[in-house]
Amino acid sequence: MTNKRKAVFFDRDGVILKMLCKKGRMEAPQSIAEFREQSGIIPGANEAIQTARDRGFLAILATNQPDIHYGEITQEDFDSIQAEVAKLPFDDIFICFHGREEGCDCKKPKPGLLLQAAKKWDIDLSKSCMLGDTEYDTGAATSAGCKSILLSTSYNTSLGADYRIASLTDPRFGQILDGLV
Ligand SMILES: [Mg+2]
């Protein structure tokens with residue numbers, strides 16, 4: 001008999017926060033002004049987190065945020081945006097701040113953030129999943145032994161995943177979680 005918890009890991013940019021299209025590239029907001037004027041929390045984020053929590057899953061944010069390291073956002077702007085994200089009912093938040101060249105174990109698609117969370121919260125990763133929008137998320141999920149769920153977007157149509165949902169309020173999300181036993 002095991003009392004291990006189960007979790008839904010949520011990516012941040014493109015799942016919880018609206019991405020901005022800049023010069024043909026999708027990017028996270030790089031200032032609090034951009035967040036307030038052009039980005040913001042994606043509608044349905046709160047509901048998706050509640051969908052997970054209502055089913056007994058921990059809702060955990062697991063995100064790569066290297067832009068402070070690369071000098072693309074100030075610490076102050078990052079903190080202001082993250083403070084808005086932290087108002088959502090997450091049980092915990094795990095962030096990799098490293099740059100690509102630093103060789104850390106936590107930058108997705110490595111599984112480090114998920115493994116850290118599993119250790120802290122005694123999570124059974126085989127009964128857990130990661131909801132994301134890129135191959136970094138599906139890769140981390142697979143490496144950690146979780147199921148991967150993609151939030152379908154214009155830029156991930158050709159990517160493979162265990163499951164897909166069309167939006168954060170897609171009723172299929174709850175059905176997928178009900179099936180993870
Ligand atoms: Mg993302």
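Atoms within a ligand are numbered from 1 in the order they appear, just like the ligands themselves. We number each residue from 1, following the sequence as shown. All values derive from a computational prediction rather than experimental measurement.
- Of all N/O/S atoms in Asp133, OD1 sits nearest the Mg ion (ligand 1).
- Looking at Leu131, Asn156, Thr134, Asp137 one by one, the single match for side chain to side chain contact (heavy atoms under 4.5 Å, CB included) with Leu151 turns out to be Leu131.
- Using a 3.5 Å distance cut-off with no hydrogens or angles, the side chains of Asp79 and Gln75 do pair a donor with an acceptor.
- Asp11 has its closest N, O or S atom to the Mg ion (ligand 1) at the position named OD2.
- More than 12 heavy atoms of other residues, nucleotides or ligands shown are found within 6.0 angstrom of CZ on Phe97.
- With a 6.0 Å radius and a threshold of 12 heavy atoms from other residues, nucleotides or ligands, Glu76 has its CD atom at or below the threshold.
- The Mg ion (ligand 1) has an N, O or S atom of Asp13 closer than 2.8 Å.
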